[in-house]
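Presented below is the structure to which this report refers.
Counting starts at 1 for both ligands and their atoms, following the listed order. A quick note: this is a predicted structure, and the numbers were derived from the prediction, not measured.
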Amino acid sequence: MSMIEVRGLTKSFQQAVKEPGLKGAVKHLFLPRHIEKVAVKPLDLSIEAGETVAYVGPNGAGKSTTLKMLTGILRPSAGSVSVNGLNPYTQRMANAAQIGAVFGQRTQLWWDIPISESFSLLKDIYQIPDALYRKNLDLFIDLLGMNEFIHLSARKLSLGQRMRADLAAALLHNPPILYLDEPTIGLDISVKQKIREFIKQINQEQQTTVMLTTHDLGDIEDLCKRLIIIDHGAIIYDGTLSEVKARFAATRVIFFQVRESMPELYQLLEQTPGLKLEQQSGKEFSVAFDRHEYSASEVVSKVMNYGEVLDFRMEDTQIEHVIKAVYDGHLNLNERRGTGRNG
Ligand SMILES: Nc1ncnc2c1ncn2[C@@H]1O[C@H](COP(=O)(O)OP(=O)(O)OP(=O)(O)O)[C@@H](O)[C@H]1O
Ligand SMILES: [Mg+2]
């Protein structure tokens with residue numbers, strides 16, 4: 001049995017349909033019309049203990065809805081969920097003890113009391129033993145740099161401070177499972193880095209299972225070996241990050257440094273399908289090529305025909321390009337392997 005087991009999990013919402021204007025409002029009052037919005041289509045998913053999984057997809061894809069069903073906040077319309085052997089919705093209390101959750105858009109801290117007091121309330125609620133509490137608190141204060149604001153109330157914190165406090169709050173009771181819904185949204189790069197390091201360390205030291213949604217591809221690159229892409233409520237990819245890059249990034253880029261500028265080469269590149277000149281400035285330029293049409297060595301030798309090459313390097317595939325193409329519907333991901341494809 002996997003840590004998280006999902007079979008045929010579905011969520012539909014009734015969405016009110018109202019015609020515009022006053023007339024529509026009145027009509028809706030007496031004759032409300034609803035349509036059924038399927039936010040999550042029958043979903044199958046297995047996540048093993050200790051995995052770090054990125055759950056990504058465009059706005060409205062169904063990411064938060066999935067996480068809400070996994071945490072027990074929302075009741076599924078159909079299907080089954082088992083998290084460490086529990087049903088999160090019907091066994092909410094028991095489930096709360098084994099999970100930590102951060103929904104980036106809102107805090108679970110008490111708004112008007114100092115963070116340190118919020119933490120000790122959580123200690124009582126989760127019945128965390130003294131020694132564990134002290135150990136975790138000291139560690140989290142240190143790793144997340146919380147000393148400067150732990151005496152302040154949540155209301156007074158900056159977004160980055162609040163997110164760090166929320167993350168600590170979610171983990172004080174050492175839950176084996178951590179759900180994060182956009183944990184780095186709106187944060188500056190240094191706070192992002194801190195949070196990523198922290199999650200990485202918790203995962204490595206305690207084998208915490210981590211599932212996170214994000215629009216920040218840095219989060220995925222830094223944290224998650226496994227990537228699940230969801231679109232219109234259905235999983236369209238489930239595999240490793242490197243695989244999605246290798247399989248779907250048709251374009252590769254080689255950066256060249258040459259002794260003399262190569263105008264004839266630049267001209268040739270402009271006219272050759274499958275090859276493209278990028279960021280050319282003086283004696284440095286990049287060539288993008290379709291790896292289904294050319295090999296890297298073909299490209300390098302082509303360039304060498306036009307003059308002396310001082311240096312070249314392959315640039316790493318930008319995951320941004322790949323995911324954007326997926327979002328835009330430009331990639332056919334149907335050949336995807338692994339678990340969980342439905343409908
Ligand atoms: N309580 C609700 N009532 C009606 N419709 C809802 C409700 N919650 C979500 N939806 C709809 O379900 C769909 C999925 O929403 P969800 O919040 O899961 O998307 P998401 O992938 O988290 O998007 P984002 O990246 O913008 O956070 C959307 O079309 C949304 O409008
Ligand atoms: Mg969301």
Side-chain angles (χ1 to χ4, degrees), residues 4 6 8-20 24-25 28 32-45 47 52-79 81 83 88-89 92 99-108 159 162-163 166-167 170 177-187 192 195 199 210-221 223-224 226-238 244 319-320 322-329 331 333 340-343:
I4 299 175
V6 166
L9 184 68
T10 310
K11 184 71 195 180
S12 313
F13 293 105
Q14 293 295 317
Q15 286 182 344
V17 197
K18 185 180 90 60
E19 286 161 36
H28 185 70
R33 283 206 308 130
H34 289 92
I35 52 156
E36 190 178 77
K37 164 81 198 177
V38 182
V40 176
K41 294 177 185 157
L43 192 77
D44 292 344
L45 195 60
I47 295 176
T52 44
V53 178
Y55 195 57
V56 311
N59 291 129
K63 303 179 297 294
S64 297
T65 304
T66 307
L67 283 198
K68 284 175 190 163
M69 289 192 283
L70 293 179
T71 51
I73 297 170
L74 271 182
R75 185 229 296 262
S77 304
V81 187
V83 175
Y89 189 76
R92 282 187 90 166
I99 68 163
V102 177
F103 286 85
Q105 319 276 17
R106 51 143 87 135
T107 184
Q108 50 186 344
L159 180 63
R162 207 213 73 210
M163 209 72 99
D166 257 310
L167 195 55
I177 302 150
L178 178 62
Y179 299 107
L180 303 166
D181 196 355
E182 306 200 31
T184 59
I185 191 167
L187 305 185
K192 271 183 191 171
I195 286 184
I199 297 167
V210 181
M211 182 170 181
L212 67 90
T213 77
T214 184
H215 291 288
D216 188 317
L217 299 163
D219 289 347
I220 309 173
E221 300 238 86
L223 280 173
C224 300
R226 181 170 167 196
L227 175 67
I228 298 175
I229 305 176
I230 173 174
D231 192 16
H232 292 104
I235 291 177
I236 57 171
Y237 178 81
D238 181 354
V244 85
I319 186 66
E320 278 86 349
V322 181
I323 305 243
K324 181 162 184 308
V326 174
Y327 282 15
D328 292 345
L331 289 179
L333 291 169
R341 170 76 177 185
N342 280 278

With a 3.5 Å distance limit and no angle check, can you tell me whether Ser64 reaches the backbone of Gly62 through a side-chain donor-acceptor pair? no
Option whose closest heavy atom lies nearest to atom 18 (O) of ligand 1, chosen from Thr213, Ile230, Thr65: Thr65
Below 3.5 Å, N or O to N or O, backbone or side chain included: is there any such pair between Gly62 and ligand 1? yes
Nearest protein heavy-atom contact for atom 12 (O) of ligand 1: which residue, which atom, what distance? Ala39 CB, 3.2 Å
For Ser64, atoms of ligand 1 separated by under 4.0 Å from a heavy atom: 17 (O), 18 (O), 20 (P), 22 (O), 27 (O)
Exam field: side chain Thr213 to backbone Glu182, donor-acceptor pair closer than 3.5 Å: yes
Within the structure, does Gln14 bring an N/O atom to less than 3.5 angstrom of an N/O atom in ligand 1? no
Per-atom contacts, ligand 1 versus Ala61 - under 4.0 Å to a heavy atom: 19 (O), 20 (P), 21 (O)
Out of Tyr55, Phe13, Phe103, whose heavy atom sits nearest atom 7 (C) of ligand 1? Phe13
Which atoms of ligand 1 have any heavy atom of Gln15 under 4.0 Å away? 4 (C), 5 (N), 6 (C), 11 (C), 31 (O)
Any donor-acceptor pair under 3.5 Å linking the side chain of Asp166 with the backbone of Gln108? yes
Mind checking whether Glu182 has a heavy atom under 4.0 Å from ligand 1? yes
Residue from Val102, Thr214, Leu223 passing side-chain contact (heavy atoms from CB on, under 4.5 Å) with Leu180: Val102
Atom indices of ligand 1 within 4.0 angstrom of Lys37 heavy atoms, with elements: 29 (O)
Which atoms form the tightest heavy-atom contact between Leu43 and Tyr55, and what is the distance? CD2-OH, 3.7 Å
Decide if atom NE2 of His232 counts as having more than 12 heavy atoms of other residues, nucleotides or ligands within a radius under 6.0 Å. no
Would you mind checking if Lys63 and Asp181 are paired as a salt bridge, meaning a charged N to carboxylate O distance below 4.0 Å? no
Does any N or O in the side chain of Arg92 come within less than 3.5 Å of the main-chain N or O of Gly72, such that one atom is a donor and the other an acceptor? yes
For Lys192, is there an ion pair with Asp219 - N to carboxylate O distance below 4.0 angstrom? no
Measure from atom 24 (P) of ligand 1 to every heavy atom in Ile185, Asp181, Asn59 and give the option owning the shortest one. Asn59
Quick one: does any side-chain atom of Thr10 pair with a main-chain N or O of Lys41 as donor and acceptor, under 3.5 Å? no
Within 2.8 Å of the Mg ion (ligand 2), is there any N, O or S atom belonging to Ser64? yes
So, does His215 sit close enough to ligand 1 that a heavy atom of it is under 4.0 Å from the ligand? yes
Tell me whether Gly60 has any N or O atom under 3.5 angstrom from an N or O of ligand 1. yes
N/O separation below 3.5 Å, Thr66 to ligand 1: no
